[in-house]
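Whatever order the structure lists them in is the order used to number ligands and atoms, beginning at 1. The first residue of the sequence shown is numbered 1, and numbering continues consecutively from there.
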Amino acid sequence: MARYEINGGKPLNGTVTISGAKNAAVAILPAALLVSGKCRIENVPNISDVRILMSILDRMGAKIVSPEPNVVEIDCSQVQCTEPDAELVRKMRASYYLMGALLGRFGKAHVALPGGCNFASRPIDQHIKGFLGLGADVDETEDYVALTPGEEGLRGGRISLDMASVGATVNIMLAATLIPGQTIIENAAKEPHIVDLANFLNTMGARITGAGTDTVKIRGVNSLRGGTYAIIPDQIEAGTYMAAVTAAGGNVLVQNVIPKHMECITTKLQEMGAKIINYDDAIRIIRTGKLRQTTVKTRPYPGFPTDMQAQVCVCMALAGGVSRLTESVYETRFFGYCTELESMGAKIRINGKTATVTGVERLNGSTVCAHDLRAGAALVIAGLAAQGTTYVEQIHFIERGYEHLIRKLTALGADIRRLDD
Ligand code: EPU
């Protein structure tokens, strides 16, 4: 199995360019199913989750070409298939967006339950609630979800989510775009990629308002036309590089970011001792002195993202004093990496949803295993900051979501390589 070898203890210096947002890309590519005509999508990250999704769409009959790196031209006009390849669907989480997109386009769908990073039980009851609210009949088995129009047909509806679920908000938006009438999603998620999906769909002719607030309104239209759209930069990838500089030290210009999306992360890294300078579409982060403890509680956007929990934990592990890290989006997300960090010398005590992290002077290289995408990113950061050599195993998890990780870190002066054995 391939793994990363990292010789740590070197500060990071230089410039890193952030790729397009994974979680926007995996919503926007299925959204192309709703479009009659060709979509040119720019700033598409070349990561394994995106490649799997493109294979699924390709097998369904979409015409996909990539005329230049990070640009995808996709035309789904000829697609007839409403049952995407189950084996591929099970390889990733966001394949569940095919349910909403197919329901919207064809009024029916038969989609395997998704796989992906299973760091917590990740139910989809809110997605189902949304489909029912749009008039669909839902037949859910252990392996599949089958959607068909209910007795009264599909029509817009008012759907109040029990929690602000990103996935359910996306799926309902996808389904409702071409369904007659007005759909109102209450308690909608507000993450930047929700706004990005709405902007993509509106560019192609949809009528969606309120994305980025608690209430999203979708007025169904008859059809969408082709067009060009560029995906936003990845908030979490940017945050990951910022956490890496905070943990390993150095001075890095993180470019192609939207600083507004980064506010909650920059505030916490500043509290810990990083110096941050915001520009229009870049952030400089400098860390030279000692790190200080802090308290972080993950929350839905605009709060501190759960997808940055593990990375900030590494910074806490190296900060003076005792930090507290509370997970409030998932029941817990600590098990994917805390034991691994402890094997590198971190001192972490977990009590329910809270980890208490007592800072240590240094971490030491070790062989550690990535159990999910962000846990893996955190272990890479730990390896960069640690003294000695770290081997990170199960890197396929990391490669789901970080484009050119080795190339980008090497350009910043890191000693990291991928061993293919
Ligand atoms: N939830 C339910 N029922 C549902 C849906 C969600 O109980 O039907 C619960 C979840 O168990 C969780 C909370 O609601 O406790 C929030 O889940 P959400 O639906 O918002 O998450 P998601 O759509 O499954 C997306 C990202 C995740 C990110 C979360 C939270 C994508 C493809 N995935 O997941 O990203 O952690 O939002 O921000 O957008 C990652 O990139 O590494 C990643 C895991």
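- Taking a cutoff of 4.0 Å between a charged side-chain nitrogen and a carboxylate oxygen, Glu327 and Lys353 do not qualify as a salt bridge.
- Residue contact check: Thr306 has heavy atoms under 4.0 Å from atoms 30 (C), 36 (O), 38 (O) of ligand 1.
- Residue-ligand proximity: Arg93 is placed with every non-hydrogen atom at 4.0 Å or more from ligand 1.
- The side chain of Leu373, and not its backbone, has at least one atom closer than 4.0 Å to an atom of ligand 1 (non-hydrogen atoms only; side chain from C-beta on).
- When the heavy atoms of Arg400, Met163, Gln235 are ranked by distance to atom 9 (C) of ligand 1, first place goes to Met163.
- When each atom of ligand 1 is checked for a heavy atom of Val329 under 4.0 Å away, the hits are 12 (C), 13 (C), 15 (O), 16 (C).
- Only the side chain of Arg333 comes within contact range of ligand 1, with a heavy atom under 4.0 Å; no backbone atom does.
- Ion pair Asp49/Arg400 flagged as a salt bridge, since at least one NZ, NE, NH1 or NH2 atom sits closer than 4.0 Å to an Asp/Glu carboxylate oxygen.
- If you look at Tyr96 next to ligand 1, the close heavy atoms, those under 4.0 Å, all belong to the side chain.
- Residue-ligand proximity, Lys22 to ligand 1, at heavy-atom distances under 4.0 Å covers atoms 40 (C), 41 (O).
- The closest approach between any non-hydrogen atom of His193 and ligand 1 is below 4.0 Å.
- Close contacts between ligand 1 and Gln126 involve ligand atoms 3 (N), 4 (C), 8 (O) [criterion: under 4.0 Å to a heavy atom].
- No more than 12 heavy atoms of other residues, nucleotides or ligands lie within 6.0 Å of CZ in Arg324, so this atom counts as exposed by the packing criterion.
- In this structure, Lys408 pairs ionically with Glu237, as a charged nitrogen and a carboxylate oxygen lie closer than 4.0 Å.
- Under a 4.0 Å N-O distance rule, the pair Asp58/Arg51 does not qualify as a salt bridge.
- The closest approach between Ala189 and ligand 1 stays at or above 4.0 Å for every heavy atom of the residue.
- For the ligand labelled ligand 1, residue Glu237 lies outside the 4.0 Å heavy-atom shell.
- Nearest to atom 19 (O) of ligand 1 by heavy atom, out of Ala24, Ala164, Ser165, is Ser165.
- Within ligand 1, the atoms closer than 4.0 Å to a non-hydrogen atom of Asp307 are 27 (C), 28 (C), 35 (O), 36 (O), 40 (C), 41 (O), 42 (O), 43 (C), 44 (C), numbered from 1 in the order shown.
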Checklist entry - Passes side-chain contact (heavy atoms from CB on, under 4.5 Å), Val111 versus Ser95? Steps please. => result CA-CA 9 Å; Val111 183; Ser95 53; 5.7 Å; no
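- Proximity to Ile124 (heavy-atom distance under 4.0 Å) selects the following atoms of ligand 1: 4 (C), 8 (O).
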Checklist entry - Given the rule in the side-chain contact (heavy atoms from CB on, under 4.5 Å) test, do Val79 and Arg105 qualify, once you have shown the distances and angles that lead to the verdict? => result CA-CA 10 Å; Val79 172; Arg105 163 94 182 260; 4.1 Å; yes
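- Aromatic ring centroids of His371 and Phe397 lie 6.0 Å or more apart.
- The ligand atoms of ligand 1 that sit less than 4.0 angstrom from a heavy atom of His127 are 8 (O).
- Using a 30° and 60° split on the angle between ring planes, Tyr301 and His261 fall in the perpendicular class, above 60°.
- Between Lys260 and Glu263 there is a salt bridge, with a side-chain nitrogen of the basic residue lying less than 4.0 Å from a carboxylate oxygen of the acidic one.
- A salt bridge does not link Glu5 to Arg3: none of the charged nitrogens lies less than 4.0 Å from a carboxylate oxygen.
- The contact set between ligand 1 and Gly167, taken as ligand atoms under 4.0 Å from a residue heavy atom, comprises 19 (O), 23 (O).
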